[in-house]
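Encoded as structure tokens, here's the structure I'll be asking about.
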There are 2 protein chains.
Amino acid sequence: MTRIDDVARLAGVSTATVSRALRGLPTVSEATRRRVRLAAEQLGYTASPSASRLAGGKTGTVAVLVPRIGAWFPGVVVDAAEELLRPAGYDLLLHHVGGPDHARQRLPRTADLPKRVDAVLLVGTPALVSAAPVFAAPEYGGRARALPGVTVAAGAPVPGWSSVGIDDVAAARIATEHLLTLGHRRIVCLSGDPADQFTHPGDLDRRWGYREAMQAAGTPPEAIVEVVARGGVDGGRQATASLLARPGPTPTAIMATCDEMAMGALVALRRAGLRVPADVSVIGVDGHEFARIVGLTTVAQPAAELGRLAVGTLLDRLAGRSRGDGVPERHILPTRLVLRDSTAPPREN
Amino acid sequence: MTRIDDVARLAGVSTATVSRALRGLPTVSEATRRRVRLAAEQLGYTASPSASRLAGGKTGTVAVLVPRIGAWFPGVVVDAAEELLRPAGYDLLLHHVGGPDHARQRLPRTADLPKRVDAVLLVGTPALVSAAPVFAAPEYGGRARALPGVTVAAGAPVPGWSSVGIDDVAAARIATEHLLTLGHRRIVCLSGDPADQFTHPGDLDRRWGYREAMQAAGTPPEAIVEVVARGGVDGGRQATASLLARPGPTPTAIMATCDEMAMGALVALRRAGLRVPADVSVIGVDGHEFARIVGLTTVAQPAAELGRLAVGTLLDRLAGRSRGDGVPERHILPTRLVLRDSTAPPREN
DNA sequence: TTGTAGGCGTTATCAT
DNA sequence: ATGATAACGCCTACAA
């Protein structure tokens with residue numbers, strides 16, 4: 001492979017000049033720069049990342065930490081991240097962080113992240129698996145502040161890092177209020193098990209939002225019903241099925257803390273022979289890609305935008321053009337209610 | 001940050017020995033190794049990747065190229081890849097390759113991949129965007145063979161690379177035969193536009209499978225109907241809608257070349273007031289995560305397994321323990337018909 | 001504006 | 001089994 005010397009020789013300049021010219025440093029005459037560029041192009045030269053990184057002390061890499069990439073939200077954010085990171089000249093190092101066990105296993109590897117990346121993007125990670133213990137733990141030098149980072153929809157804040165997300169309490173409140181406005185009174189909240197490693201990070205807050213809305217509507221405490229399910233669509237389905245099997249009146253509406261749960265509820269209701277929204281209304285929170293397909297009403301969060309904002313914040317910081325001078329920023333983006341076919345006024349009033 | 005010298009000093013050995021001991025090379029006495037390990041642990045030492053890479057001539061990184069990560073299939077494969085690459089000591093460099101324009105734009109960057117990675121995993125990329133032109137193009141030195149790689153469900157083979165996938169023709173044939181067996185005769189094939197950059201790579205082959213099955217069943221040519229749609233769920237929905245608007249008898253079944261299309265068809269049929277499977281049967285190919293939720297019958301490909309097999313092949317190759325001695329392998333994994341609620345015998349015969 | 005030369009932290013080679 | 005010592009390929013003072 002051609003090295004910097006080859007280019008220097010062909011262009012008739014020193015290696016230092018080649019380095020400067022190719023990186024667009026100002027102290028190079030345009031004529032020289034052209035010559036160097038030409039020579040580099042002819043030889044198909046690209047600087048060796050390993051060498052530049054060693055000499056320059058920067059990795060030119062951003063670690064993106066996700067619980068798993070297959071899920072909808074992380075996928076969207078990572079998509080956005082790639083799209084921004086690449087043109088900015090950064091490599092994207094993908095890293096899974098799983099549940100608690102997982103995290104413990106991977107702690108050593110994650111701990112040497114500072115040597116391989118310039119910054120970290122932590123996406124959609126439940127509080128349980130938060131990177132805080134990883135980056136702030138004293139046994140690892142508590143380097144949180146040394147390595148810049150941004151969290152997106154993460155359960156627990158990482159000290160010293162900026163964060164981007166939505167107001168989960170408000171989102172759930174809006175969802176619940178929508179049902180209340182339609183006339184529903186027997187509304188059940190379906191949420192994920194906080195102990196589950198893959199439960200949506202905002203789940204707990206969203207339960208709060210449900211409660212707030214219900215209480216504000218003057219709902220008696222015994223009518224505020226929260227059902228906790230195992231994670232994912234299947235968890236939502238099962239929980240809903242057993243909810244329907246309970247004695248007493250069936251709820252007229254279900255507010256799920258995330259769309260996957262809501263979709264599980266849809267399946268369970270359909271199997272139980274109940275019509276949505278004729279018999280039961282269902283609303284979710286997330287704006288999941290497939291909510292549209294199944295006609296699920298939801299409070300959507302701007303996932304891609306969250307990702308772009310997060311990466312933008314990170315890049316600003318890395319480029320030294322951050323506003324607050326290193327002070328963590330806290331971005332809250334608005335959600336919006338997306339009306340579809342899964343909600344309607346209750347049949348009997 | 002602590003360097004190798006610090007460890008060497010503390011352990012009372014040379015840096016060379018530290019390097020050897022920590023990497024598990026055989027020429028180190030157990031006693032020494034223990035001492036070195038201890039010292040390294042005490043100091044929290046990890047070798048600098050940049051330096052190792054420069055000195056060792058290996059990047060310890062695998063590039064994973066996907067059209068976009070948000071889609072289902074790539075997501076699953078990347079998940080599997082991360083899970084295998086990490087413990088093997090490889091970093092995962094995520095890289096988008098978009099459509100034709102995209103590819104052209106990114107060609108220069110992609111071309112310097114050989115300097116940043118030891119191998120490439122190309123996932124679910126339509127023929128149009130195949131990496132072949134990137135890695136085999138003469139203007140880039142035609143380094144295809146220099147950089148080991150594996151494709152997973154990629155449209156066009158990359159010369160010199162191994163490939164992992166399913167038999168797309170057979171998969172579609174199985175799907176079509178299922179409908180034929182149920183008694184359907186007016187079966188329409190719904191597929192993606194080959195010109196679309198995000199169309200499923202196996203689409204063309206799957207159309208072949210449909211034709212083969214139809215012909216084998218003695219279907220008259222005019223009853224072999226193929227509808228081409230724009231990509232994604234929406235494309236499937238629109239194409240199905242306009243199909244239903246056509247004069248003449250409605251088909252009794254739809255064979256979609258991928259599950260997303262099939263789900264689009266489900267939406268269109270529902271909106272048109274047609275019942276599935278009572279009025280129209282729908283079958284897809286893919287085994288998409290959400291097919292289960294919407295009750296879609298499909299011919300499933302083992303996505304995660306494909307990913308694991310691909311990475312395994314790559315790791316074997318990198319470790320020098322490949323079977324055929326550098327000869328590209330071709331793995332075809334079996335699919336399976338998953339019966340759900342979207343297919344049934346036609347109403348009238 | 002450009003060139004010179006030392007250093008970045010490891011690994012590999014060659015002795016011992 | 002271990003140690004000394006070149007590379008590895010680039011960047012960054014510093015000098016010119």
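Letters go in sequence order (proteins before strands), and every chain restarts at 1.
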What integer distance in Å separates Asp5(B):CG from dG3(D):P? 14 Å
For Leu25(A) and dT12(D), give me the distance from atom CG to atom P, rounded to whole Å. 8 Å
Of the options dG9(D), dT4(C), dT10(C), whose atoms approach the side-chain atoms of Leu54(B) most closely? dG9(D)
When Thr2(A) is tested against each of Thr46(A), Leu43(A), Leu10(A) for side chain to side chain contact (heavy atoms under 4.5 Å, CB included), which residue passes? Leu43(A)
Measuring only between side-chain heavy atoms, which start at C-beta, is Leu85(B) closer than 4.5 Å to Leu315(B)? yes
Against the side chain of Ala55(B), the closest entry in dG9(C), dC10(D), dT4(C) is dG9(C)
Looking only at N and O atoms, is any donor in the side chain of Arg53(A) or the base of dG9(C) less than 3.5 Å from an acceptor on the other one? no
Separation of Arg20(B) atom CZ from dA1(D) atom P, in whole Å? 10 Å
May I have all residue pairs that pass salt bridge (Lys or Arg N to Asp or Glu O under 4.0 Å) and include part of residues 47-63 of chain A, sequence neighbours excluded? Arg53(A)-Asp91(A)
Just compare dT11(C), dC10(D), dT12(D) and give me whichever is closest to any side-chain atom of Ala16(A). dT12(D)
Given dT11(C), is OP1 or OP2 found less than 4.0 Å from the side-chain N or O atoms of Ser19(B)? yes
Check whether any side-chain N or O of Ser29(B) sits under 4.0 Å from OP1 or OP2 of dT2(D), and answer yes or no. yes
Lys/Arg N to Asp/Glu carboxylate O, Arg33(B) vs Glu30(B), below 4.0 Å: yes
To the nearest angstrom, the CE-P distance between Met1(B) and dC8(C) comes to 15 Å
Ser52(A) meets the side-chain contact (heavy atoms from CB on, under 4.5 Å) criterion, sequence neighbours left out, with Ala47(A)
What is the nucleic acid contact for Ser48(B), judged by heavy atoms within less than 4.0 Å: base, sugar-phosphate only, or nothing? sugar-phosphate
Below the 4.0 Å mark, does dT10(C) have OP1 or OP2 next to a side-chain nitrogen or oxygen of Ser50(B)? no
Are Glu41(A) and Arg37(A) ion-paired here, with the side-chain N under 4.0 Å from a carboxylate O? no
Whether Ser52(B) contacts dT11(C) is assessed here as follows: a side-chain N or O lying under 4.0 Å from the phosphate OP1 or OP2. Is that the case? yes
Residue-phosphate contact under 4.0 Å: Thr17(A) side-chain N/O, dT2(C) OP1/OP2: no
Candidate nucleotides dT4(C), dC10(D), dT10(C), ranked by approach to the side chain of Tyr45(A) - the nearest: dC10(D)
Is Thr15(B) close enough to dG3(D) that one of its side-chain N or O atoms is under 4.0 Å from OP1 or OP2 there? no
Please report, rounded to the nearest Å, how far the C1' atom of dT12(D) is from the CD1 atom of Ile4(A). 12 Å
Quick check: on DNA chain D, is the nucleotide nearest Pro26(B) upstream (toward 5') of the one nearest Gly56(A), or the reverse? Name the residue that is more 5'. Pro26(B)
Minimum-distance nucleotide to Val28(A) side chain [options: dG9(D), dT2(C), dA4(D)]: dT2(C)
Closest nucleotide among dA1(D), dG3(C), dC11(D) to the Arg23(A) side chain: dC11(D)
Value in whole Å for how far the C1' atom of dC10(D) lies from CG of Leu22(A): 12 Å
Whole-Å distance between dT2(D) P and Arg35(B) CZ? 8 Å
To the nearest Å, how far apart are Arg9(B) CZ and dG3(D) C1'? 16 Å
